[in-house]
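Here's the structure, in structure tokens; my notes come after.
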Amino acid sequence: MEAMSPRTEPRCRTLSIHVVTWNVASAAPPPDLSDLLQLNNLNLNLDIYVIGLQELNCGIMSLLSDTAFEDPWSSYFMDVLSPLSFVKVSSVRMQGLLLLIFAKYQHLPFIQVLSTKSTPTGLFGYWGNKGGVNIFLKLYGYYVSIINCHLPPHMANNDQRLEHFDRILEMQNFEAQDTPNILDHDLILWFGDMNFRIEDFGLHFVRESIKNQRYSDLWEKDQLSIAKRHDPLLREFQEGSLLFPPTYKFDKNSNNYDTSEKKRKPAWTDRVLWRLKRQSQTDFHTPALSAPFALFLRSYISHMVYTISDHKPVTCTFDLELKPLVSAPLITLLPEGPCTMESDLLISYCLAADFLSSPWDWIGLYKVYIDISDIPETEDQFLLFYYSNNLQSVVGISKPFKIQPFSFLEEDPLDEAQPQI
């Protein structure tokens with residue numbers, strides 16, 4: 001098969017990635033998350049969702065329930081995204097921290113999850129109420145690390161926040177010998193409730209600046225911005241401009257900043273950062289035609305419509321332009337002949353020369369969710385997935401195909417319907 005296939009240079013492709021970070025303050029999912037997931041944005045054709053939540057309900061009964069069943073937030077996202085051809089690639093949870101990755105199913109053969117990791121930094125460095133969770137994967141041959149974190153709160157704990165940031169980064173060591181250090185990964189996406197505050201300025205000045213949308217007046221006293229001016233490593237992490245109101249702290253079920261006795265000063269606690277190994281620190285809004293792997297920011301916004309928490313969610317949408325290092329799946333799957341529910345399904349598949357199979361590999365048959373209003377046919381469509389036990393990933397997917405409905409009756413020569421056995 002390899003000899004018959006002409007070798008072609010892989011073309012550059014663009015993946016659209018939507019990152020969500022939200023401290024949900026133990027709340028259950030609201031009825032509608034269309035705005036958060038940008039489901040009604042006709043200009044977006046998203047390929048990957050990266051969703052990081054903080055402060056999920058982690059009471060004893062909730063944790064026991066979530067151990068036996070999917071937690072409510074994960075179930076909600078799966079119910080919403082599955083009909084749109086997204087599949088949950090991986091997830092990791094540490095107490096109130098949850099990280100989820102969904103991708104369009106056609107990308108699955110080119111996504112290999114290498115590891116997941118939890119780094120607690122809470123009480124004495126062992127409690128998981130603070131810290132970070134990480135999913136490390138290969139995306140079309142490139143190394144990508146994704147980190148969701150929750151850093152210590154309060155204005156006075158800035159040094160502790162920076163220490164925890166460094167500790168989470170240092171703990172991202174990987175067992176495989178051929179795995180590069182995290183700082184050598186092609187892309188790091190780091191986001192979460194980082195809890196950085198606005199120094200010096202008084203409450204009245206901060207609120208007036210927000211009211212008049214003079215956000216730039218507050219940037220110079222933002223603790224993360226200050227830290228990046230003094231820390232060379234932190235400076236390597238880029239961020240979009242903060243052109244939205246500070247996302248903390250709100251009265252729940254309102255868009256009013258804290259009216260309690262404490263009257264906490266608003267702050268941009270919820271952030272999305274990224275670091276590229278290959279792209280120079282230039283304008284990340286403008287594509288570079290020669291770059292084999294580059295990230296470009298499309299939007300960085302908050303979503304004021306949600307009021308279940310004292311934080312507003314923040315989303316960041318990127319275009320990732322890459323020249324695939326892996327352009328062909330390890331397994332090619334093809335159903336043989338007409339497929340009906342009355343007969344066994346015969347499958348042929350081809351393995352790449354360097355693929356190491358295992359007796360624990362398996363092939364699964366999955367139904368494709370399709371909006372019937374969009375197509376004239378009413379038969380269900382299906383996909384074949386090949387799962388590699390060694391790689392712990394899907395390494396091959398067939399094209400969608402139809403299985404004809406079961407025929408309960410067949411006609412006899414006298415044109416009388418007889419039950420089929």
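Computed over heavy atoms, backbone and side chain alike; hydrogens, waters and symmetry mates excluded. The model shown is predicted, which means the values in this text are computed figures rather than measured ones.
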Side chain proximity check, Q392 to Y387, heavy atoms < 4.5 angstrom
yes
Centre-to-centre under 6.0 Å for F296 and F318, is that the case here?
no
Got a donor-acceptor contact below 3.5 angstrom from the E321 side chain to the T14 backbone?
no
Give, for atom CD1 of I111 and atom OG of S90, the distance between the pair rounded to the nearest 0.5 Å.
10.5 Å
Mind checking whether Y300 and F244 have parallel, tilted or perpendicular rings, split at 30° and 60°?
perpendicular
Is any side-chain N of the basic residue among E70 and K88 closer than 4.0 Å to the acidic one's carboxylate O?
yes
Does the side chain to side chain contact (heavy atoms under 4.5 Å, CB included) test come out yes or no for L383 and F401, once each step is laid out?
CA-CA 7 Å; L383 292 169; F401 62 94; 5.7 Å; no
Specify whether F237 and F165 have parallel, tilted or perpendicular ring planes, treating 30° as the upper limit for parallel and 60° as the lower limit for perpendicular.
perpendicular
Any idea which heavy atoms bring N148 and G192 closest together, and the distance?
OD1-CA, 3.8 Å
Output yes when K221 and E199 qualify as a salt bridge under the 4.0 Å nitrogen-oxygen rule, no when they do not.
no
Answer yes or no: is there a side-chain heavy-atom contact under 4.5 Å between V133 and T116?
no
Does the side chain of V24 reach to within under 4.5 Å of the side chain of Q54, using non-hydrogen atoms?
no
Hey, mind stepping through D71 and S74 against side chain to side chain donor-acceptor pair (under 3.5 Å) and telling me if it holds?
CA-CA 6 Å; D71 69 89; S74 296; 2.5 Å; yes
Is Y142 reaching over with its side chain to a backbone N or O of L322, donor-acceptor style, under 3.5 angstrom?
no
Taking atom CG of N253 as the centre, does the number of heavy atoms from other residues, nucleotides or ligands within less than 6.0 Å exceed 12?
yes
Minimum side-chain heavy-atom gap T332-L351 below 4.5 Å:
no
Report the distance from atom CG of L218 to atom CD1 of I210, rounding to the nearest 0.5 Å.
6.0 Å
Measuring centre to centre across the rings, with the benzene-like ring taken for any Trp, is W274 within less than 6.0 Å of F191?
no
Nearest 0.5 angstrom please: R264 CZ to T269 OG1, how far?
11.5 Å
D270 side chain reached by M194 side chain, heavy atoms, under 4.5 Å
no
Straight-line distance of E239 CD to L297 CG, nearest 0.5 Å
10.0 Å
Check: T315 and I301 side chains under 4.5 Å, non-hydrogen atoms
yes
Write down the atom of S309, the atom of W22, and the distance for their closest heavy-atom approach.
CB-NE1, 3.9 Å
Working note: T21 + D193, criterion side chain to side chain contact (heavy atoms under 4.5 Å, CB included); need CA distance, chi angles, decisive distance, verdict.
CA-CA 8 Å; T21 178; D193 180 2; 5.8 Å; no
In terms of heavy-atom contacts, P29 and P72 come closest through CG-O, 3.9 Å
Using the side-chain hydrogen bond (donor to acceptor under 3.5 Å, both in side chains) rule, pick out the option among N23, T247, T307, N255 that qualifies with K312.
N255
R93 (side chain) donor-acceptor with Q95 (main chain) under 3.5 angstrom:
yes
Identify the two heavy atoms, one from C149 and one from L97, that lie closest to each other, and give their separation to 0.1 Å.
C-CD2, 3.9 Å
Would you kindly say whether T119 and Q172 are connected by a side-chain donor-acceptor distance under 3.5 Å?
yes
Taking F86 as the fixed residue, which of Y49, F77, F102, Y105 is the one that meets the ring-ring contact (aromatic ring centres under 6.0 Å, His included) rule?
Y49
Is there side-chain contact between P313 and S302, with at least one heavy-atom pair below 4.5 Å?
no
Under the 3.5 angstrom rule, does the side chain of Y76 hit a backbone N or O of P31 as a donor-acceptor pair?
yes
Trace of the side chain to side chain contact (heavy atoms under 4.5 Å, CB included) decision for D361 with I331
CA-CA 12 Å; D361 292 354; I331 299 288; over 6 Å; no
With a 4.0 Å cut-off, would you call K138 and D186 a salt bridge?
no
I'd like to know if the side chain of S241 and the backbone of L243 have a donor-acceptor N/O pair within less than 3.5 Å.
no
Just verifying a value: how many Å separate I226 CD1 and L162 CG, rounded to the nearest 0.5 Å?
10.5 Å
Is the side chain of Q38 donor-acceptor paired with the backbone N or O of D35 at a distance under 3.5 Å, no angle test?
yes
D222 side chain to S225 main-chain N or O, any donor-acceptor pair under 3.5 Å?
yes
Note: D310-K252 ion pair, threshold 4.0 Å (strictly below):
no
Measure from the side-chain N and O atoms of S16 to the backbone N and O of L46, and report whether any donor-acceptor pair falls under 3.5 Å.
no
side-chain contact (heavy atoms from CB on, under 4.5 Å) test vs V144 passes for just one of I48, L139, I17, namely L139
Checking R275 side chain against L183 main chain: does a donor-acceptor pair fall under 3.5 Å?
yes
Exercise: identify the closest heavy-atom pair between D251 and S260
OD1-N, 4.5 Å
Distance col, row L330:CG vs D354:CG, nearest 0.5 angstrom, shows 6.0 Å
Looking only at non-hydrogen atoms, find the nearest pair between S357 and N390 and report the distance.
O-ND2, 3.8 Å
For the backbone of N256 and the side chain of S254, can you confirm whether one donor and one acceptor N or O come within less than 3.5 Å of each other?
yes
I would like to know whether Y386 and Y349 meet ring pair (Phe, Tyr, Trp, His ring centres under 6.0 Å); could you show each step before the answer?
CA-CA 9 Å; Y386 188 108; Y349 62 94; 5.7 Å; yes
In sequence, state the C-alpha distance, the side-chain angles, and the governing distance for H185 and F136, and then conclude on ring pair (Phe, Tyr, Trp, His ring centres under 6.0 Å).
CA-CA 9 Å; H185 292 180; F136 171 42; 4.4 Å; yes
Would you say Y143 and L137 make side-chain contact, with heavy atoms under 4.5 Å?
no
With no hydrogens and no angle check, do the side chains of E336 and S348 hold a donor and an acceptor under 3.5 Å apart?
yes
Evaluate the side chain to side chain donor-acceptor pair (under 3.5 Å) criterion for residues H107 and Y140: first the C-alpha distance (whole Å), next the side-chain angles of each, then the deciding distance (0.1 Å), finally the verdict.
CA-CA 9 Å; H107 299 301; Y140 284 91; 2.9 Å; yes
Between S26 and L56, does the side chain to side chain contact (heavy atoms under 4.5 Å, CB included) criterion hold? Intermediate values first, please.
CA-CA 5 Å; S26 299; L56 261 67; over 6 Å; no
N-O pairing of D258 and K263 below 4.0 Å:
no
